Amino acid sequence: MSILAENTEQVLTESRTMRAATVERTDVLTKVKALSLLPDGVHATTELVAGFYEVGAETIKSLVKDHRAELAENGYRVLTGAERAEFVRSLGDLTLPPARHTALFTRRTILNVGQLLTGSEIAHRVREYLLNVEESATVAARSEAVDRAELAALQMRVLAAAGGIVDASWLELKARHVAARALGEEPEIAPEDRPLYVPDFLKGKGLKRGDILSVQSWFGRRAMALYEAEHGVRPGTRTEDTARGSVRETVAWTYAALPVFEETWDRYYAAQFPQAPAQLSIAGGAA
């Protein structure tokens, strides 16, 4: 028996945090038993909830009294006066018994009742189902985390072996991505460190596929020459897979080199393609 199953009656009835984590799983209700609602298909009365859990209405009222704030957070409300009269009219042919007020439960509230209610076999089965679902999700999450960690370890070894062969800043960027994925997080990358690709830059300038294929090679060479003239060194390189499955070495451009790309464009291509959009910003949009 699992750790969660050992304390089926206590885990949900005693832990509000656990109840909050599972209260969205309203599909559990109809998997345990057929659920009757008012004609609007959304709400149930105290009597309908009591019938679902096979307990007396007073039991439900007592539970509401003890946990009203939590139940209200999950959809419980009481209608009185004109609001109640309007709701009764909206139900059409169904006539609710005369009363000064009517308590309404949504599916979420009904599930919340099942999380709290003791002495009901139906509520017990609802909690068991919730805990089994939660445990299955936890096991799956652990397995996924292990897979991510093993893959990240292999990728980090490959990156370490590439040290001194490809651009150090590109290696660091890749390592950040690998580490973030292993932790199930999004990598925090500075805008200027994001990879910049010649075809994407040219596409952003409005060039069609044929023009991009024609321009990109010489654009890269000219950008390389400008970069070397301004910085005194050539930009680093990285390896990438081609569409045919081979591996090639390319320049490891990042958005830090965007001014060089824009200068290359203005010098050699702006006049040839006068309808191009405005300059791009390091953040990726038009300046």
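None of the values given here were measured: they were computed from a predicted structure. Counting from 1, the numbers follow the sequence of the chain as shown.
- With contacts defined as side-chain heavy-atom distances shorter than 4.5 Å, the pair E228/V233 does not qualify.
- Atom NE2 of residue H231 and atom CG of residue L226 lie 9.5 Å apart, to the nearest 0.5 angstrom.
- The two residues R107 and G41 come nearest to each other via the heavy atoms NH1-O, 3.0 Å.
- Looking at every heavy atom in both residues, V28 comes nearest to L130 through CG2-CD2, 3.8 Å.
- At least one donor-acceptor pair under 3.5 Å links the side chain of T30 to the backbone N or O of D27.
- Side-chain N or O atoms of Y76 include none that pairs as donor or acceptor with a backbone N or O of E70 at under 3.5 Å.
- Proximity of a side-chain donor or acceptor of T106 to a complementary backbone N or O of G75 within less than 3.5 Å is not detected.
- Using modelled atom types, one side-chain atom of R127 and one backbone atom of G114 make a donor-acceptor pair closer than 3.5 Å.
- When all heavy atoms of V55 and G119 are compared, the closest pair comes out as CG1-O, 4.5 Å.
- Between S62 and T59, the side chains place no donor N or O within less than 3.5 Å of an acceptor N or O (distance only, hydrogens not considered).
- Looking at T102 and R84, their side chains do bring a donor and an acceptor atom within 3.5 Å of each other.
- Connection of V126 to V23 is not established within any shared hydrophobic cluster, with ILVMFWY side chains joined at heavy-atom distances below 4.5 Å, either directly or through further cluster members.
- Looking only at side-chain heavy atoms (C-beta outward), D40 and F87 come within less than 4.5 Å of each other.
- Between the side chain of D200 and the backbone N or O of L196, no donor-acceptor pair lies under 3.5 Å.
- With hydrogens and angles ignored, the 3.5 Å screen pairs no side-chain donor or acceptor of S214 with any backbone N or O of G210.
- Considering every non-hydrogen atom in both Y53 and L111, the closest pair reads OH-CA, 4.0 Å.
- At least one side-chain heavy atom of L71 sits less than 4.5 Å from a side-chain heavy atom of L63.
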Exercise. Would you sort out whether R89 and E86 count as a salt bridge (charged side-chain N to carboxylate O under 4.0 Å, His left out), showing the intermediate values?
Key: CA-CA 5 Å; R89 282 194 295 270; E86 178 60 30; 2.8 Å; yes

Quiz item: Yes or no on side-chain contact (heavy atoms from CB on, under 4.5 Å) for I122 and L117, after CA distance, side-chain angles and deciding distance?
Solution: CA-CA 9 Å; I122 301 301; L117 184 61; over 6 Å; no

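- More than 12 heavy atoms of other residues, nucleotides or ligands shown are found within 6.0 angstrom of CZ on R221.
- At a threshold of 4.0 Å, the pair K61-E58 counts as salt-bridged, since one of the basic side-chain nitrogens sits closer than that to a carboxylate oxygen.
- The only option from L104, L38, L37, L35 that meets the side-chain contact (heavy atoms from CB on, under 4.5 Å) definition with L48 turns out to be L38.
- Residues A103 and T46 share a closest heavy-atom pair of CB-OG1, 3.6 Å.
- Taking the charged nitrogens against the carboxylate oxygens, R209 and D211 have no contact shorter than 4.0 Å, which rules out a salt bridge.
- The aromatic ring centroids of Y227 and W253 lie less than 6.0 Å from each other.
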Exercise. Dump the intermediate steps for salt bridge (charged side-chain N to carboxylate O under 4.0 Å, His left out) on R68 and E73, then the final yes or no.
Key: CA-CA 9 Å; R68 181 154 187 159; E73 288 179 6; over 6 Å; no

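- If you chain together hydrophobic residues whose side chains sit under 4.5 Å apart, W218 and V251 fall into the same group.
- When hydrophobic clusters are built by joining Ile, Leu, Val, Met, Phe, Trp and Tyr residues whose side-chain heavy atoms come closer than 4.5 Å, directly or via intermediates, L213 is not grouped with W265.
- Counting non-hydrogen atoms of neighbouring residues, nucleotides and ligands closer than 6.0 angstrom, the CZ atom of R16 exceeds 12 such neighbours.
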Exercise. Any chance you could lay out the side-chain contact (heavy atoms from CB on, under 4.5 Å) test for N112 and R108, step after step, and finish with the verdict?
Key: CA-CA 6 Å; N112 198 180; R108 181 167 168 153; 5.8 Å; no

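- Of the possible donor and acceptor atoms, none in the side chain of R19 sits under 3.5 Å from a partner among the backbone N and O of L116.
- The ring pair (Phe, Tyr, Trp, His ring centres under 6.0 Å) test applied to F219 returns F201, F261, Y269, not counting sequence neighbours.
- Using modelled atom types and a 3.5 Å distance limit, the side chains of Q115 and T22 yield a donor-acceptor pair.
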Quiz item: Taking it one step at a time, do K31 and R125 satisfy side-chain contact (heavy atoms from CB on, under 4.5 Å)?
Solution: CA-CA 10 Å; K31 291 179 180 179; R125 286 162 54 190; over 6 Å; no

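- Nearest heavy-atom pair across V215 and L202 is CG1-CD1, 3.9 Å.
- Between the side chain of R222 and the backbone N or O of T264 there is no donor-acceptor pair closer than 3.5 Å.
- For the pair K33 and F52, the distance from NZ or CZ to the six-membered ring centre is under 6.0 Å and the angle to the ring normal is within 45 degrees.
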Practice problem: Report the C-alpha separation of E121 and E54 in whole Å, then their side-chain angles, then the decisive distance to 0.1 Å, and conclude whether the side-chain contact (heavy atoms from CB on, under 4.5 Å) test is met. | Solution: CA-CA 8 Å; E121 177 59 26; E54 300 177 4; 5.7 Å; no

